[in-house]
2 protein chains.
Amino acid sequence: MDEKTFSHRDEPPKDEERVGERVTIRDVAKQAGVSVSTASKALNERGRMTAETRDRVRQAATQLGFTPNALARALVSQRSFTIGLLTSDTYGRFTLPIAAGLSAAMADRGVSVFLCAVGDAQDRIDINLRAMQEKCVDGLIIAGKRIDRRVVRDLPPLGMPVIHVNAASAEGEIGFVPDDIGGARLAVEHLIRLGRRRIAHISGPTNFEAVTLREQGWRLALDDAGLLLPGPASALPGEWSEAYGFAVGQRFFDRPSSERPDAYFCGNDQIARGLIDALSFGGVCVPADVAVVGYDNWELFAAATRPPLTTVDMCLTDLGGAAGLTLLELIDGKPVSPGVRRQPCRLVVRQSCGTGSAGYARPQMGGKPEEERQPIGSSTG
Amino acid sequence: MDEKTFSHRDEPPKDEERVGERVTIRDVAKQAGVSVSTASKALNERGRMTAETRDRVRQAATQLGFTPNALARALVSQRSFTIGLLTSDTYGRFTLPIAAGLSAAMADRGVSVFLCAVGDAQDRIDINLRAMQEKCVDGLIIAGKRIDRRVVRDLPPLGMPVIHVNAASAEGEIGFVPDDIGGARLAVEHLIRLGRRRIAHISGPTNFEAVTLREQGWRLALDDAGLLLPGPASALPGEWSEAYGFAVGQRFFDRPSSERPDAYFCGNDQIARGLIDALSFGGVCVPADVAVVGYDNWELFAAATRPPLTTVDMCLTDLGGAAGLTLLELIDGKPVSPGVRRQPCRLVVRQSCGTGSAGYARPQMGGKPEEERQPIGSSTG
DNA sequence: CTGAAAGCGCTTACAG
DNA sequence: CTGAAAGCGCTTACAG
């Protein structure tokens, strides 16, 4: 089990150096011939000392394979370098990108993150909240599935900074959510740039704030371009499903040709897919006849659509990272103003809008770069 | 920020009880009028003492809102009640169910789990492995995307128990993976029970062990029923994509009617979906003419398929929970034999196989063939 | 039954 | 520049 180097191991092991036991700073100090406090300072770049001494300690540490005990350090420094991620999304559509971004940003700074998948059960929430307190996390990220719902209804005073991500936050709290208005604008402006003029919008249920915001973005972009059609009828809120997109696509043919949209901005990728299926089935060519933009950049849908879907990516990974960084500032006592931050989305251009004349293509257009092209959904292996 | 109760707060706060500071066991002891060691024992149900004393301590603890400091406890008990989850799957298809199951099972036992999303970058792996050691986790779960790939190629001696989940493990290690052979049998036996006789198999690339195993299960089930067709041609390995399923579905019509399968067992849900689309598009009715079973129970696909897909669920949540429990045993020093455990899958019956004669129907099964006879696009959801 | 002491592995003033 | 001492918040033998 142990494959420690055999060099420098001539003397019989003293009690502090018992084989299999973890090597502590005492071992390092002894090996380097200094006191424990000096060893500590040397290892932590603190205080002044001879370069020679510092080096000797460092050498001893690597030689012995010293790993500092973060628990002990946390106990004295009152800082555990851990944070908690409490998420209600056990399915993972939103949480995993957020968690991955958070985890990566934190790992670089020596901070580890506890995952608490609580779903919606209040007792799970309580248990995990308590665990986080016992474990002395420095702060907490609370992540949800909807920007208009709180994950924890009555958050008790935790005595630590908290940031809400992709979820609702109350007055005085700090929240990070995707900028839905901006994301929608990205999509619609892209369509306009490509020469589309009759741009319809299909989306999910209106009781989602995201639906309202994306519709606003759509409207604003159209208005800016002087393309806003009269009447509210052109926005079609419905369901988040493929079936709904399909149904709308079928209704496309009920309208006289002159009234048919030449583009659709969809509230999510599933709707876009259903829509494209219906249009294609009806003999309409996407993107030649009708352009389609989705929302979410859910690879699985976006890449499987024929043609591959141009769609808005909410950059949830960045969102997680940004939230984590701000949490760190809070932990460091830096002043951070409350309120919700709407983080920018980005448009991923594939082929469902054609190229038009804008020359908007990116190198990776029509697909993600190789590295990201994983065997998604490849059921295990 | 602090909303401590105001009762029992008459005396001016002593230095150990400064407002805003966390209350420690010393505070509890003082409040209860006992020593710290007695307080500790009372709170931990250890040693013998008057019920009266124990109660007094407990009361003081709740009154003061005492939360034990797990860091301090870990330092002395050499047990942190934390484990690490290192996962290469940043997309989340497999990790999140596993993580959720693990997290839930551990939370019930006071164990918290660190999430380390490392992707495939070796430096991320190293950083996170080191962080887990510094944080003194009691054990590590390493989760992957494929049962035939190691997540960490050369795992250094960590000095802590490790369990591999949904990933390859080496001789002498412990692994938890879904039972692919069993899962396949579940699917095929279901089809047989429903009266299907010519059951084809479509799956992903043959360099996936999962593909090989599922094919084995398919073959075994057929053989048991005396339905094994001669020649290896009836297994069609290809890609994990919808496009591949669609392509196979199209080839269905190239064969003479007498040679056409009356059922397909698909290696994943995406293939199944593509297949169903192609069959429906060609006028074949699913399940009346051809039954289809998928694999993964990826809700998004399984529920969106027309008709909703009967599919194999790998029970990844259970897998995560089971792995965690075994890790706990390892941590407790209990003997656990090495090797890989293949955990059972379960069949989720929806409507893509019809009811047949086996009386296997559930209330929502058995849609009218007419309703199900829909063009390709209707396979939205 | 209860408490004083030592110690988990570190860091941090404070002396020398 | 270096080290002895105290202490972070707890638990665990060991005395009383």
Side-chain angles (χ1 to χ4, degrees), chain A residues 15-18 21-57 60-61 64-82 110 133-138 159, chain B residues 15-18 21-57 60-61 64-82 110 133-138 159:
Chain A
D15 40 9
E16 296 85 8
E17 287 180 325
R18 246 168 286 130
E21 300 275 313
R22 184 165 174 160
V23 7
T24 74
I25 199 172
R26 289 192 58 196
D27 304 321
V28 174
K30 186 169 299 178
Q31 167 96 348
V34 298
S35 73
V36 169
S37 40
T38 299
S40 172
K41 273 176 293 191
L43 261 16
N44 294 307
E45 320 272 352
R46 225 177 285 283
R48 342 211 110 280
M49 65 178 54
T50 328
E52 195 271 331
T53 306
R54 203 179 288 278
D55 283 349
R56 196 146 35 88
V57 174
L64 261 31
F66 171 64
T67 306
N69 184 324
L71 262 28
R73 191 201 304 254
L75 197 55
V76 23
S77 68
Q78 300 286 45
R79 183 102 144 63
S80 67
F81 288 90
T82 63
Q133 291 197 100
E134 295 193 352
K135 256 79 174 199
C136 303
V137 297
D138 298 326
Chain B
D15 41 8
E16 297 85 9
E17 287 179 327
R18 246 169 285 132
E21 301 275 312
R22 185 165 173 159
V23 8
T24 75
I25 198 171
R26 289 191 60 194
D27 304 321
V28 175
K30 187 169 299 179
Q31 168 97 347
V34 298
S35 71
V36 169
S37 39
T38 298
S40 171
K41 272 177 293 192
L43 261 15
N44 294 308
E45 319 272 351
R46 225 176 286 282
R48 343 211 109 282
M49 66 179 55
T50 328
E52 195 271 331
T53 306
R54 202 181 289 278
D55 283 349
R56 197 146 35 89
V57 174
L64 262 30
F66 171 64
T67 305
N69 184 324
L71 264 25
R73 192 202 302 253
L75 198 55
V76 23
S77 68
Q78 301 286 44
R79 184 102 144 61
S80 68
F81 288 90
T82 63
Q133 291 197 99
E134 294 192 352
K135 256 80 175 199
C136 303
V137 296
D138 299 326

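Please read these numbers as outputs of a predicted model, since none were measured by experiment. Note on naming: letters A, B, ... go to the chains in the order of the sequence lines (proteins, then strands), and numbering restarts at 1 for each one.
Atom CG in Leu71(B) sits about 14 Å away from atom P in dG9(C), given to the nearest Å. The distance between atom NZ of Lys135(A) and atom P of dC8(D), rounded to the nearest whole Å, is 23 Å. As a whole-Å value, the separation of Gln133(B) CD from dG9(C) P is 15 Å. What separates CD1 of Ile25(A) from P of dG7(D) is a distance of 20 Å, to the nearest Å. Rounded to an integer number of Å, the gap from CZ of Arg54(A) to C1' of dT2(D) is 12 Å. Leu43(A) places its CG atom 14 Å from the P atom of dG3(D), with the value rounded to the nearest Å. Rounded to whole Å, the distance from CE on Met49(A) to C1' on dG16(C) is 16 Å. What separates CZ of Arg26(A) from P of dC10(C) is a distance of 11 Å, to the nearest Å.
Shown here, dG3(C) forms a base pair with dC14(D); the pair counts as Watson-Crick or G-U wobble because both key distances fall under 3.5 Å.
Results of the side chain to side chain contact (heavy atoms under 4.5 Å, CB included) test with Val36(A) over Lys30(A), Arg26(A), Lys41(A) single out Arg26(A) as the only residue that passes.
Considering only side-chain N and O atoms, Gln78(A) lies under 4.0 angstrom from the phosphate OP1 or OP2 of dG9(D). Contact annotation: Ser35(B) side-chain N/O to dG3(C) OP1/OP2 distance is under 4.0 Å.
Taking CE from Met49(B) and CG from Asp55(B), the interatomic distance works out to 11.0 Å, rounded to the nearest 0.5 Å. Atoms NZ and OG1, on Lys135(A) and Thr67(B) in that order, are 12.5 Å from each other to the nearest 0.5 Å.
The side chain of Ser37(B) has dG3(C) as its nearest neighbour among dC10(C), dG3(C), dC10(D). Listed candidates were dC10(D), dC10(C), dG9(C). Nearest to the side chain of Phe66(A) is dC10(C). Of the listed nucleotides (dG9(C), dG3(C), dT2(D)), dG3(C) has the atom at the smallest distance from the side chain of Lys41(B). Taking the side chain of Thr53(A) as heavy atoms from C-beta on, and the options dT2(D), dC10(D), dC10(C), the nearest nucleotide is dT2(D). The listed nucleotides are dT2(C), dT2(D), dC8(C); the one nearest the side chain of Thr38(A) is dT2(D). Distance from the side chain of Asn69(A) is smallest to dG9(C) among dG3(D), dG9(C), dG9(D). For Leu75(A), the listed nucleotide lying nearest its side chain is dG9(C); candidates were dC10(D), dT11(C), dG9(C).
In terms of heavy atoms, Phe66(A) sits closest to Ile25(A) at CE1-N, 3.4 Å.
Residue Thr50(A) is in sugar-phosphate contact alone, with no base atom involved, counting any heavy-atom pair closer than 4.0 Å across all strands shown. Within 4.0 Å (heavy atoms only), Val36(B) reaches at least one base atom of the nucleic acid.
Using a 4.5 Å heavy-atom threshold, the side chains of Asn44(A) and Arg73(A) count as touching.
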